[in-house]
Structure formats: C-alpha cells, structure tokens
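Dropping the structure in here first, questions after.
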Amino acid sequence: MTQQESHSLNWDDLKYFLAVARSGTLRGGADSIGANHTTLARRVEVMEERVGSRLFDRSKSGLVLTQLGEDLMPYAERVEEEMTAASRVIVGRDAVPKGTIYISLPHGLAMTSIMDDLALFSDRYPDINLNMNFTNNVVDLTRREADVSLRVANEVTEDVVGRKLVQMSQAAYCTKEYAQKVRNNGGDGLSLIGFHEPDTETTAPWIKNSCYPKAKLRHRVSDIVPLITLAAAGMGMAYLACNLGDRHPGLIRAPFQKPLPYRSIWLLLHKDLKNTARVRLFVDFLAGQIKSRRNEFWVSGTVASGEG
C-alpha cells in the first residue's frame with residue numbers, strides 16, 4: 001500500500017466516524033446507524049490506521065475527538081450533506097407512484113381520525129407502503145430522517161416545504177363522574193394533570209391562562225398517552241386538543257369553559273421531494289382529508305386570539 005493509499009478515505013469511513021463522534025460511544029454510534037458494535041469498532045480502528053493517527057481519545061466516559069478528529073469533523077459533515085442531497089435528487093426523480101414513504105408524526109396523532117386517513121390512503125394506493133415513526137422528536141428532513149413529517153407547532157422555520165393545514169382548539173377533559181365536581185368558580189378545588197412541571201409547583205402559566213385558573217397542579221406525566229388514560233381513569237382534568245379529546249369515549253369536555261386556541265398541524269417535506277410521485281400523492285391526499293374536516297380541529301365556540 002502506497003502512502004497516498006494509506007491516507008485515503010471513503011464515504012463509509014466518514015459515516016462511521018460521524019456516528020461515533022456524535023454519540024460519544026461505539027455502542028451509541030452503532031445503534032444510530034443500525035450497525036454491529038464490533039463492526040463499528042473495527043471500522044474506526046482501520047480508519048485510524050489509514051490516517052496514521054488516533055481520531056478519538058478513549059476514556060471511561062466514552063470517546064472524545066482528538067485534534068485531528070476535530071479538524072476532520074467539518075469535512076465529514078460536508079460530505080454527508082452532499083451525499084444526502086444526491087440521494088434526494090435521485091428520489092425526487094421517481095415518477096412512479098409506488099414504493100415506501102417514511103413518515104414522522106407525534107404520538108398524539110395516533111389517537112385521532114388522521115389514522116383513518118392513512119388507512120384510506122393505503123387502500124387506494126396498494127403499491128405504496130407507509131413506514132411510520134411515531135416520535136415527539138423533531139426529525140431532520142434535510143438528512144432524510146423522514147420523507148414527510150406531520151408536526152404540531154405554532155411555527156416552522158426549517159428549509160422545508162411546509163403546509164399549515166389547520167389550527168386546533170384545546171379544552172379541559174375529564175370523566176362524567178369528575179365533571180360533577182366542577183363548579184363555576186374558576187376550578188377551585190379541582191386538579192389538573194401536567195407535563196414535567198417542577199414537583200414543588202402547584203400551578204403553571206398555562207393553568208393561570210386557562211378557564212380554571214384556581215385549579216391545582218397535582219400529577220405529572222411525560223407523554224400524551226398516559227395523560228389521556230389517567231384523565232379517563234378519573235385522576236383529574238387534562239388539557240387536550242379537541243380533535244383528540246372529543247374522540248375518546250371515556251372523556252367529556254369539563255363544564256364552565258370555552259375551548260382555547262392551540263397549535264397548528266403542519267405537513268412538511270423536503271423541497272427536493274415535492275415532485276416525487278408517491279410523496280406528492282400522499283401530501284395532497286392527506287392535506288385534503290384533514291382540511292375537509294376543519295371543524296373537527298378548530299371547534300365551534302373557541303375563544304379567538306386576544307378574546308376573553
């Protein structure tokens with residue numbers, strides 16, 4: 001092997017290098033790219049042999065970039081950007097409505113009528129498969145972590161093609177039995193289930209701005225699914241998007257309130273995929289379905305922004 005060959009790198013080398021650099025461990029890097037831990041360790045070792053120097057310092061806490069590794073990092077990231085851009089161009093030229101669409105969407109949407117839309121799309125287009133990743137994390141569409149993303153947000157600022165489909169309403173939901181405790185007194189004596197608020201707090205800004213400002217924050221959850229199921233079990237009231245709360249058979253809107261404005265549903269895709277046949281079909285279909293049921297998301301009687 002010549003000296004020039006021994007110092008040469010390829011994209012696979014850089015892919016493994018980036019995985020380890022970003023995770024800080026071999027196992028974390030392997031998991032992030034779906035590789036075998038032993039294989040990744042060997043690839044890093046071979047890469048260091050090729051460049052003739054260590055790229056990572058080993059410690060009990062993990063792997064840390066050496067100076068050479070830090071110098072290499074921006075070049076590796078630029079190569080990654082070019083490779084993913086090339087991939088998008090190739091996929092973007094696909095004119096046949098078949099294949100797989102990778103979709104990212106938050107957990108809460110799994111309990112809404114949007115699942116019926118996905119089932120209908122699947123029935124109409126049997127040659128298109130949907131690979132759905134339910135996550136509350138914001139995926140990076142520019143790195144092809146998904147082809148299409150459904151997001152619940154006030155605004156979206158990334159360099160993507162985005163459609164703001166509908167704004168949602170929210171309201172406090174509880175069981176019929178719990179509703180009997182509700183009086184027209186601002187929620188005095190009632191409890192609300194919250195998200196991640198400090199244990200020492202008994203209220204929060206969103207409670208003070210709600211229709212029940214005197215209600216106390218008692219329980220906390222980390223995800224939408226237990227929030228709904230615990231409210232349905234009678235543990236307290238929970239603020240939910242109305243298109244989600246109205247659908248649950250064990251919940252009703254709590255008395256003495258008006259629905260409040262909530263975030264919007266966005267349908268996002270990378271601009272390079274906007275002319276891909278299967279992606280275009282899916283985006284147009286889903287946007288049409290959701291917009292046709294606008295009153296399901298923004299419900300009658302919702303307090304307009306600045307009102308109340």
Over all heavy atoms of both residues, which pair between Gly245 and Tyr173 is shortest? Give the atoms and the distance, please.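 In this case the closest contact between Gly245 and Tyr173 is C-CE2, 3.4 Å.
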Can a donor-acceptor pair be found, under 3.5 Å and without considering hydrogens, that links the side chain of Arg151 to the backbone of Ser149?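 Pair absent, no side-chain N/O of Arg151 close to backbone of Ser149.
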Distance-only, no hydrogens or angles: does the Arg220 side chain make a donor-acceptor pair with backbone N or O of Glu197 under 3.5 Å?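 Looks like yes, one N/O pair under 3.5 Å.
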Flag the pair Asp188 / Arg183 as yes when at least one side-chain heavy-atom distance between them is below 4.5 Å, and no otherwise.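 Result no, sub-4.5 Å side-chain heavy-atom pair not found.
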Let's go through Val44 and Phe56 carefully: what are the C-alpha distance in whole Å and the side-chain angles of both, what is the deciding distance for side chain to side chain contact (heavy atoms under 4.5 Å, CB included) to 0.1 Å, and is it a yes or a no? CA-CA 9 Å; Val44 171; Phe56 299 95; 4.0 Å; yes
For residues Leu14 and Met47, determine if any side-chain heavy atom of one lies less than 4.5 Å from a side-chain heavy atom of the other.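 Answer yes - side chains close enough.
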I need the minimum non-hydrogen distance between Pro106 and Phe134, along with the two atoms involved.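 Nearest heavy atoms, Pro106 then Phe134: O-CD2, 3.8 Å.
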With the threshold set at 4.0 Å, does a side-chain nitrogen-carboxylate oxygen contact exist between Glu48 and Arg58?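 Yes, charged N to carboxylate O under 4.0 Å.
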Going through the checks in order, is the side chain to side chain contact (heavy atoms under 4.5 Å, CB included) test met by Asp13 and Arg43? CA-CA 7 Å; Asp13 290 331; Arg43 293 299 295 258; 3.9 Å; yes
Would a 4.5 Å heavy-atom cut-off, applied to side chains only, mark Leu190 and Val182 as touching?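 Side-chain contact under 4.5 Å: yes.
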Would you call Leu286 and Leu150 a side-chain contact if the rule is heavy atoms closer than 4.5 Å?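 When only atoms from C-beta onward are counted, Leu150 and Leu286 do touch, with a gap below 4.5 Å.
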Where the side chain of His37 meets the backbone of Ala30, is there a donor-acceptor pair that is under 3.5 Å apart?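 Side chain of His37 to backbone of Ala30: no pair is present.
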State whether Glu45 and Arg42 are salt-bridged, where the test is any N-O pair (Lys NZ or Arg NE/NH1/NH2 against Asp/Glu carboxylate O) under 4.0 Å.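 So Glu45 pairs with Arg42 through a salt bridge.
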Going hydrophobic residue to hydrophobic residue with side-chain gaps under 4.5 angstrom, can you get from Ile101 over to Ile290?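 Yes, it is one cluster - the side chains of Ile101 and Ile290 are joined through contacts under 4.5 Å.
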Can you confirm whether Leu217 sits close enough to Ser191 that some side-chain heavy atom of one is under 4.5 Å from a side-chain heavy atom of the other?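 The answer is no; the side chains never approach within 4.5 Å.
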Any donor-acceptor pair under 3.5 Å linking the side chain of Gln167 with the backbone of Tyr262?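 Indeed, once roles are kept as given, a pair shorter than 3.5 Å links the two residues.
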So, Arg218 side chain and Leu192 main chain: donor-acceptor pair closer than 3.5 Å or not?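 No; judged by distance alone, with no hydrogens or angles, the pair does not exist.
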Is there a donor-acceptor pair closer than 3.5 Å between any side-chain N or O of Ser169 and the backbone N or O of Val299?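 Yes; judged by distance alone, with no hydrogens or angles, the pair exists.
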Ignoring hydrogens and angles, tell me if any N or O in the side chain of Thr276 forms a donor-acceptor pair with the backbone of Val279 under 3.5 Å.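 No; zero donor-acceptor contacts below 3.5 Å.
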Please list every donor-acceptor pair under 3.5 Å in which a side-chain atom of residues 228-243 meets a protein atom from a residue at least two apart or in another chain.
residue, atom, partner, partner atom, Å
Thr229, OG1, Val225, O, 3.1
Thr229, OG1, Pro226, O, 3.2
Tyr239, OH, Cys211, N, 3.3

Under 4.5 Å between any side-chain heavy atoms of Leu130 and Leu118, yes or no?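 Yes. Closest side-chain heavy atoms under 4.5 Å.
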Rounded distance [0.5 Å steps], CZ in Arg54 versus CD in Gln67: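 Nearest 0.5 Å value for the CZ-CD distance: 12.0 Å.
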Are Leu18 and Leu68 connected into the same hydrophobic cluster when the rule is that any two of I, L, V, M, F, W, Y join if their side-chain heavy atoms are below 4.5 Å apart?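 In one cluster: yes.
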Compare all side-chain heavy atoms of Thr25 with those of Val20 and state whether any distance is below 4.5 angstrom.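 No, their side chains stay 4.5 Å or more apart.
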Could you pull out all residues at least two apart from Tyr178 that satisfy ring pair (Phe, Tyr, Trp, His ring centres under 6.0 Å)?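 Once residues adjacent in sequence are excluded, Tyr178 has no partner under the ring pair (Phe, Tyr, Trp, His ring centres under 6.0 Å) criterion.
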Please tell me if the side chains of Val148 and Leu268 come closer than 4.5 Å, counting only heavy atoms from C-beta onward.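 No, their side chains stay 4.5 Å or more apart.
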Which residues share a side chain to side chain donor-acceptor pair (under 3.5 Å) with Gln257, sequence neighbours left out: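 Checked Gln257 against side chain to side chain donor-acceptor pair (under 3.5 Å); zero matches.
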Would Val79 and Lys15 count as a side chain to side chain contact (heavy atoms under 4.5 Å, CB included) here? Give the steps. CA-CA 9 Å; Val79 172; Lys15 179 175 67 175; over 6 Å; no
Straight-line distance of Ile224 CD1 to Phe195 CZ, nearest 0.5 Å: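 If we round to the nearest 0.5 Å, Ile224:CD1 and Phe195:CZ are 4.5 Å apart.
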Please confirm whether the backbone N or O of Tyr212 pairs with a side-chain atom of Ser210, one donor and one acceptor, at under 3.5 Å?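 A pair under 3.5 Å: yes.
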Leu40 with Leu65, same ILVMFWY side-chain cluster at under 4.5 Å: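 Yes, same cluster.
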For Glu296 and Ser113, which I'm curious about, is there any donor-acceptor pair between the side chains at under 3.5 Å?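 Yes, because at least one side-chain N or O of Glu296 sits under 3.5 Å from a partner of the opposite role on Ser113.
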Thinking salt bridges, do Arg163 and Asp284 make one under a 4.0 Å N-O criterion?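 The answer is yes: the pair qualifies as a salt bridge.
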Is there a donor-acceptor pair closer than 3.5 Å between any side-chain N or O of Thr84 and the backbone N or O of Glu80?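 Flag set: sc Thr84 to bb Glu80 pair under 3.5 Å.
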Look at the side-chain heavy atoms of Ile, Leu, Val, Met, Phe, Trp and Tyr, link any pair under 4.5 Å apart, and say whether Leu281 and Leu105 land in one connected group.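 Hydrophobic grouping puts Leu281 with Leu105.
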Which residues pass the side chain to side chain donor-acceptor pair (under 3.5 Å) test with Glu201, not counting sequence neighbours?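 Partners of Glu201 under the side chain to side chain donor-acceptor pair (under 3.5 Å) test: none.
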With rounding to the nearest 0.5 Å, note down the distance linking CG in Leu244 to CG in Leu109.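 With rounding to 0.5 Å, CG (Leu244) is 8.0 Å from CG (Leu109).
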Hydrophobic cluster membership, with links at side-chain heavy-atom distances under 4.5 Å among I/L/V/M/F/W/Y: are Val46 and Phe17 in one?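 No; tracing contacts between hydrophobic side chains, which count when under 4.5 Å, never links both residues.
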Scan residues 112-127 for pairs that pass salt bridge (charged side-chain N to carboxylate O under 4.0 Å, His left out), counting only residues two or more places apart or in two chains.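 Pairs touching residues 112-127 that pass the test: Asp116-Arg247, Asp117-Arg293.
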Is a side-chain donor or acceptor of Trp266 paired with a backbone partner of Ala153 at a separation under 3.5 angstrom?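 The answer is yes, because a donor-acceptor pair under 3.5 Å joins these two groups.
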Among side-chain atoms of Trp206 and Gln170, is any donor-acceptor pair under 3.5 angstrom?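 No, Gln170 and Trp206 have no side-chain donor paired with an acceptor closer than 3.5 Å.
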How close do Pro259 and Ala171 get, heavy atom to heavy atom, and via which atoms?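 That would be CA-CB, 4.4 Å.
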Considering residues at least two apart in sequence or located in another chain, which fulfil the ring pair (Phe, Tyr, Trp, His ring centres under 6.0 Å) criterion with Phe285?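 Once residues adjacent in sequence are excluded, the partners of Phe285 under the ring pair (Phe, Tyr, Trp, His ring centres under 6.0 Å) criterion are Phe121.
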